[in-house]
Amino acid sequence: MGCAVILFPVLPILFIFLSSLQNNSIKTSKYNFFTFLPLNLFEQFQRIANAYFLFLLILQLIPQISSLAWFTTVVPLVLVLAVSGVKDAIDDFNRHKSDKHVNNRPVQVLINGMLKDEKWMNVQVGDIIKLENNNFVTADLLLLSSSEPHSLTLALGYFHFCFYLPFTGEVKCEAPNNKLDKFTGTLTLRGEKYALDNEKMLLRGCTIRNTEWCFGLVIYAGPDTKLMQNSGKTTFKRTSIDRLMNVLVLVIFAFLALMCLILAIGNGIWEYDKGYYFQVYLPWAEGVNSASYSGFLMFWSYVIILNTVVPISLYVSVEIIRLGNSFYIDWDRKMYYPLNDTPAQARTTTLNEELGQIKYIFSDKTGTLTQNIMCFNKCSINGKSYGDVYDMSGQRIEINEKVDFSYNQLADPKFAFYDHSLVEAVKLSDVPTHRFFRLLSLCHTVMPEEKKEGNLVYQAQSPDEGALVTAARNFGFVFRARTPETITVVEMGETKVYKLLAILDFNNVRKRMSVIVRSPEGDLTLYCKGADTILYELLHSSCDTLKEETTEHLNEFAGEGLRTLVVAYKNLDEDYFQEWIRRHHEASTALEGREDKLSELYEEIEKDLMLLGATAIEDKLQDGVPQTIETLAKANIKIWVLTGDKQETAMNIGYSCNLLNDDMEDVFIIEGSTSDDVLNELR
């Protein structure tokens with residue numbers, strides 16, 4: 001790792017980065033004016049037929065064995081190389097155009113206390129830049145401030161200052177790498193040290209949404225950005241057709257060599273047995289003094305004479321076919337999407353044969369097979385299931401009468417729920433029910449937007465969170481506003497401001513998130529939501545009976561294909577929490593082993609939780625998914641779908657999207673957690 005010091009002459013700002021200084025220009029093209037010819041020829045001569053004809057041309061320049069004029073080989077070879085070279089040049093020219101367009105995008109940079117327009121490629125590490133709504137993010141930025149109330153977007157709640165006033169700061173961070181989900185660094189400002197992580201970064205390639213403006217400090221630029229670190233070099237790709245043609249040409253070479261060898265041996269035998277006596281009429285070439293040497297030279301002469309056995313024009317024919325197939329893809333009416341006026345576009349002429357090689361498809365479920373539009377459907381609170389309506393005999397009945405939320409002026413009119421008993425429980429001030437919806441209104445990372453009085457819009461990173469917060473809103477626990485230190489909730493018409501003391505982030509290992517808040521009454525509470533398999537291990541032993549009842553409901557929800565989460569809480573002791581938050585600050589500002597230290601602290605405090613219940617959210621399949629999967633299966637393509645849902649939910653979705661069907665025999669479940677266990681189950 002290199003160390004760079006960046007000094008700003010007008011503003012006394014000092015930032016130290018543990019990374020190399022880079023400007024922000026990028027390059028995705030393969031060639032330039034000087035390197036195109038040698039590099040492209042090198043790539044083209046990796047095709048065996050091209051290399052063969054180059055070798056043939058060299059042979060034809062040797063008088064003793066040349067039997068054909070050299071231009072008979074040069075003309076077709078140059079033609080083939082020219083056709084492929086023009087295609088490669090056009091592809092790379094388009095890359096140059098794209099690079100030029102990106103590098104010359106305008107951006108506002110803070111220079112000498114004033115905002116000035118600058119090109120992307122001239123931005124450097126340490127620059128402070130301003131982005132506006134719908135702007136592309138110029139480089140990997142540390143988000144400093146934004147137009148959001150209390151600079152909420154930045155997640156650096158302590159960074160309230162005016163950039164036109166002098167200040168001094170120091171940033172230390174890790175070397176450039178390709179890990180999109182991780183960033184470790186520290187910021188020292190006015191003597192205070194703050195932790196920097198991925199939540200405080202804006203990565204190149206993203207777009208600013210729902211924010212009028214924001215300021216960011218360039219941490220990584222150009223090739224050092226995480227996007228470019230992941231892109232890799234543009235490489236020469238060979239399709240399976242290219243590899244097949246190379247194999248076929250090798251077979252033809254072997255056949256040609258065999259023919260030439262037989263003819264050369266025959267020539268040597270004839271010259272030794274008969275030709276020696278005919279030298280008066282058929283003299284040997286100059287320098288030839290034996291029948292064996294004559295046969296050796298004749299071998300190469302036959303290689304030249306029989307060169308048409310190797311089909312160099314095959315490559316040109318294949319290129320023309322590829323070009324035609326790419327046009328067919330562009331013109332395919334069945335691949336046209338009228339809603340967005342978007343036709344199919346083959347960005348490479350080899351796309352058709354690349355698609356034909358596919359044997360396996362690995363797909364995510366959420367947002368790929370499903371619409372990623374989440375709806376709060378059912379829930380279980382304190383052992384009672386809500387969402388279904390039953391008659392007097394206990395039979396489930398269908399009902400179309402929605403719950404009337406008109407008593408709640410802040411309710412979302414688009415929210416639909418049909419079980420009136422849950423509203424009654426809320427109105428009767430049922431303690432577990434109130435605590436359940438209070439948790440949903442507090443334990444999240446949603447951002448509220450209220451441009452008109454009472455017209456709340458939630459901006460959520462995850463649609464699941466948006467659905468849960470909207471449900472709490474309609475049942476009387478309205479998440480109204482947040483700052484870096486507080487969360488404002490309107491509970492049954494009464495506005496309450498909770499102090500946000502800590503957020504215990506969700507990740508794929510923890511499979512849960514928690515918040516620690518202090519209520520207006522001074523109570524310290526940890527609220528947690530996550531996967532049932534994880535949270536059940538963290539529950540207090542007094543919750544065993546409730547856990548069994550909740551598990552039954554979870555299985556019912558999962559059997560209907562619903563996404564489930566378990567919610568729990570814990571009251572905290574003041575002295576213990578103060579000692580814990582001190583250690584939390586030390587761990588969060590550590591440059592080494594930060595994740596492990598934080599994970600240990602999270603595990604320590606997330607114990608002996610009290611179970612509240614579970615949520616069930618519906619995410620409907622996209623239109624045409626079952627038919628698409630059925631068609632792919634007919635093409636004998638194996639499909640794998642990745643999901644974090646419960647097993648019952650995954651099975652239900654599998655049948656509804658035609659991944660599984662009733663005609664399948666021996667559908668079985670593998671439950672092994674190691675490779676050996678899985679192999680044993682498969683056997």
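- Closest approach of Gly466 to Val446, counting heavy atoms only: N-CG2, 4.4 Å.
- For His434, the ring pair (Phe, Tyr, Trp, His ring centres under 6.0 Å) criterion is met by Phe477, not counting sequence neighbours.
- In this structure Phe437 satisfies the ring pair (Phe, Tyr, Trp, His ring centres under 6.0 Å) test together with Phe475, sequence neighbours excluded.
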Identify every side-chain donor-acceptor pair in residues 541-548 under 3.5 Å, counting partners at least two apart or on other chains, and give the distances.
from   : atom 1 : to     : atom 2 : distance (Å)
Ser542 : OG     : His540 : ND1    : 2.9

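- Residues Met201 and Leu141 are not in side-chain contact: their nearest non-hydrogen atoms beyond the backbone lie 4.5 Å or more apart.
- Partners of Asn133 by side-chain hydrogen bond (donor to acceptor under 3.5 Å, both in side chains), not counting sequence neighbours: none found.
- Considering only residues two or more places apart in sequence or on other chains, Glu600 meets the salt bridge (charged side-chain N to carboxylate O under 4.0 Å, His left out) condition with none of them.
- Residue pairs meeting the ring-ring contact (aromatic ring centres under 6.0 Å, His included) criterion with at least one member in residues 494-538, sequence neighbours excluded, do not occur.
- Remark: Lys182 pairs with Glu595 by the salt bridge (charged side-chain N to carboxylate O under 4.0 Å, His left out) rule, at least two apart or across chains.
- Counting heavy atoms from C-beta outward, Leu143 and Cys214 have side chains that approach closer than 4.5 Å.
- Using a distance-only test at 3.5 Å, with no hydrogens or angles considered, a donor-acceptor pair links the side chain of Asp140 to the main chain of Lys226.
- Asp412 is linked by a salt bridge (charged side-chain N to carboxylate O under 4.0 Å, His left out) to nothing, counting only residues two or more places apart in sequence or in another chain.
- Contact check for Val102 versus Arg204: side-chain heavy atoms found under the 4.5 Å cut-off.
- Counting only heavy atoms from C-beta outward, the side chains of Met228 and Lys27 never approach each other to under 4.5 Å.
- Not counting sequence neighbours, the partners of Tyr458 by the ring pair (Phe, Tyr, Trp, His ring centres under 6.0 Å) test are Phe479.
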For Glu170 and Lys193, run salt bridge (Lys or Arg N to Asp or Glu O under 4.0 Å): C-alpha distance rounded to whole Å, both residues' side-chain angles, the deciding distance at 0.1 Å, then the answer. CA-CA 9 Å; Glu170 176 185 285; Lys193 192 175 182 181; over 6 Å; no

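- Here Glu681 pairs with nothing under the salt bridge (charged side-chain N to carboxylate O under 4.0 Å, His left out) rule; sequence neighbours left out.
- For residues 577-588, the set of pairs meeting the salt bridge (charged side-chain N to carboxylate O under 4.0 Å, His left out) definition, not counting sequence neighbours, comprises Glu579-Arg582, Glu579-Arg583, Arg582-Glu586, Arg583-Glu604.
- Of all heavy-atom pairs between Arg473 and Leu410, the closest is NE-O, 2.6 Å.
- Pairs engaging residues 361-377 under the salt bridge (charged side-chain N to carboxylate O under 4.0 Å, His left out) rule: Lys365-Asp645 [sequence neighbours left out].
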